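What you see below is based on every heavy atom in this structure, not just the backbone, and it leaves out hydrogens, waters and symmetry mates. What you see is a predicted model, and the numbers here were worked out from it, not measured in a lab.
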Amino acid sequence: MAQDRVVIFDTTLRDGEQSPGATMTHEEKLEIAGLLDDMGVDIIEAGFPIASEGDFAAVSEIAKNSKNSVICGLARANFKDIDRCHEAVKHAAQPRIHTFIGTSPLHRAIPNLTKDEMAERIHDTVTHARNLTDNVQWSPMDATRTEWDYLCRVVEIAIKAGATTINIPDTVGYTAPRESADLITRLMATVPGADEVIFATHCHNDLGMATANALAAVEGGARQIECTINGLGERAGNTALEEVVMAMKVRNDIMPYTTGIDSTKIMNLSRRVSAVSGFMVQPNKAIVGKNAFAHESGIHQDGMLKNAETFEIMRPADVGLAETNIVMGKHSGRAALRSKLADLGFELADNELKDVFVRFKALADRKKEIYDEDLIALMQTSATAGNNALELVSLKVVCGTDGPQEATMVLNVEGTDKEITATGDGPVDATFNAVKELSPHGARLQLYQVQAVTEGTDAQATVSVRMEEEGRIATGQSADTDTVVASAKAYIMALNRLIARRGQDEPGYDTKGVSYKDQS
């Protein structure tokens, strides 16, 4: 591999999906994998095949459908995991097995292995994986907190056993950029056979340095970056794909590295991942946040009008944002809507367009102007419509300084309309109580978040909720100009997902309660 070429390894579908509440359906995983493949991602870590039947089915299907990318599955350091992983990825034109074990003192204590016992297991499991495929990646989990001498020893063992990629994970986001670069440089200079493999870096963002650490590792000699779309992942997340790609593109003077990524497809993929995972992108998020190319200061606006380069180091078009805008409103027709949605990355069949157009017209009657964010929120809501156990028929709330706050709701439960009036501490609480009365459940509300999609008093509110029931976590997200209605729909959506997952363990039902989580 050319020394200036950096391989992009995307783990949105594995590590990204491990974010509590970010579980994706079988179809959503296939969609995201297709977009990653089309964008030019070198390796897609499609999942953890032994975690559940759903994960196995998704990895297997992605492997069969991949056109360009290497398809990788994760496996712990045992034969059963590795065999299951191989069964899932073997259908790919380019399969990879990624096996790992925690090598730091804290992680060695979990399986109660001595250094010698762990070294033997690493040799045996990497050898087993290499006998199944010639593309094997090995990771010493929590490498940045592993003793230097022992890290060198186990890396050498993995290389001799047949690993072709050695990934060095900063599992808990502990390291700093200078340390990250130095660790890779020292390993490559010290470990026999290091010049025959690719070194990779996997950085978590616990201290907000994941991208900086990843880029520093590349300067130190790493030629594979593990990352996720929007930085999605465990705890504070991972290295963000969009950040490393654009950093290398913008700062080619000091980071003269290339990737195979089509950066113009970044924004579309970011929005789709946000939609299917239920994790909103913060407005000030680098590259993909809605304020990334927004300017409010008079000085900034004046400079932008004279020369955009005064306050923008990249063009919106570089990441797939249109520089011109079709203004959408109540007089816009189907053709304009189809064109605008296509610009935003949504390709609709005629029957899908018909349904979305009705929703669009209803929204346009309540808003003067429809923004891109409104349409994205509309598509997210439309994507969740279907055969659900619960559907909101109508809702009327009473609120104000003089209580009690109450909600009168008609809810379709398994095909039957049911009505009730419930009270609560505010209209949203009353609404949620009404749902619980009509469809009793033991789920606990973990998160309730409201965000205005656009500015103005007629702005749509996007409401996100996260619920937990018996270890299973589900999210719901909905947008409406009425915040209480959006809240009701998001709550019902999450509840529908929990209902669908009760007792399920089959393709499309990836339940957190049965997942084996790792933190590599």
Looking at side-chain heavy atoms only, is the closest gap between T201 and Q224 below 4.5 Å?
no

In Å and rounded to the nearest 0.5 Å, what is the OG to CD distance from S69 to Q94?
8.0 Å

Before accepting this row, confirm whether a basic side-chain N of the pair D142/R145 lies closer than 4.0 Å to the acidic partner's carboxylate O.
yes

Other residues, nucleotides, ligands: >12 heavy atoms within 6.0 Å of Q282 CD
yes

Is K160 salt-bridged to E156, cutoff N-O under 4.0 Å?
yes

I'd like to know whether E87 forms a salt bridge (charged side-chain N to carboxylate O under 4.0 Å, His left out) with K90, so could you lay out the CA-CA distance, the side-chain angles of the two residues, the decisive distance to 0.1 Å, and finally the verdict.
CA-CA 6 Å; E87 280 298 309; K90 69 180 182 181; 3.2 Å; yes

Under 4.5 Å between any side-chain heavy atoms of L498 and I473, yes or no?
no

Name of the residue among N213, T171, D15 meeting side chain to side chain contact (heavy atoms under 4.5 Å, CB included) with H202
D15

In this structure, which one of F79, F48, F56 forms a side chain to side chain contact (heavy atoms under 4.5 Å, CB included) with R84?
F56

Is atom OH of Y174 surrounded by more than 12 heavy atoms (other residues, nucleotides or ligands) closer than 6.0 Å?
no

Does a side-chain N-to-carboxylate-O contact under 4.0 Å join E61 and K29?
no

Would you please name every residue forming a ring-ring contact (aromatic ring centres under 6.0 Å, His included) with H86, sequence neighbours left out?
none

Charged N to carboxylate O under 4.0 angstrom, R444 versus E469?
no

Can a side-chain donor-acceptor contact be found between T133 and N135 if the only test is distance below 3.5 angstrom?
no

Could you pull out all donor-acceptor pairs under 3.5 Å where a side-chain atom in residues 182-196 meets a protein atom, sequence neighbours excluded?
unit_1	atom_1	unit_2	atom_2	d
T185	OG1	A181	O	3.0
T185	OG1	G220	O	3.0
T190	OG1	R186	O	2.7

For D4, is there an ion pair with R223 - N to carboxylate O distance below 4.0 angstrom?
no

Could you check whether the rings of F9 and H98 sit parallel, tilted or perpendicular, using 30° and 60° as the cut-offs?
perpendicular

Is it true that the side chains of N238 and H204 contain a donor and an acceptor less than 3.5 Å apart?
yes

Short N-O contact, R14 and E226, less than 4.0 angstrom:
no

Inspect the contact between K115 and E147 and indicate whether a charged nitrogen and a carboxylate oxygen are less than 4.0 angstrom apart.
yes

Using a strict 4.0 Å threshold on nitrogen-to-oxygen distance, state whether D206 and R235 make a salt bridge.
yes

Quick one: sort the Y491 and F432 rings into parallel, tilted or perpendicular, breaks at 30° and 60°.
parallel

May I ask you to say whether R96 pairs ionically with E45, meaning some side-chain N is under 4.0 Å from a carboxylate O?
no

Side chains of D83 and H128 only: does a donor on one sit below 3.5 Å from an acceptor on the other?
yes

Please determine whether salt bridge (charged side-chain N to carboxylate O under 4.0 Å, His left out) holds for the pair K285 and E242, giving the CA-CA distance in whole Å, both sets of side-chain angles, and the decisive distance to 0.1 Å.
CA-CA 11 Å; K285 176 80 165 64; E242 61 274 9; 3.1 Å; yes

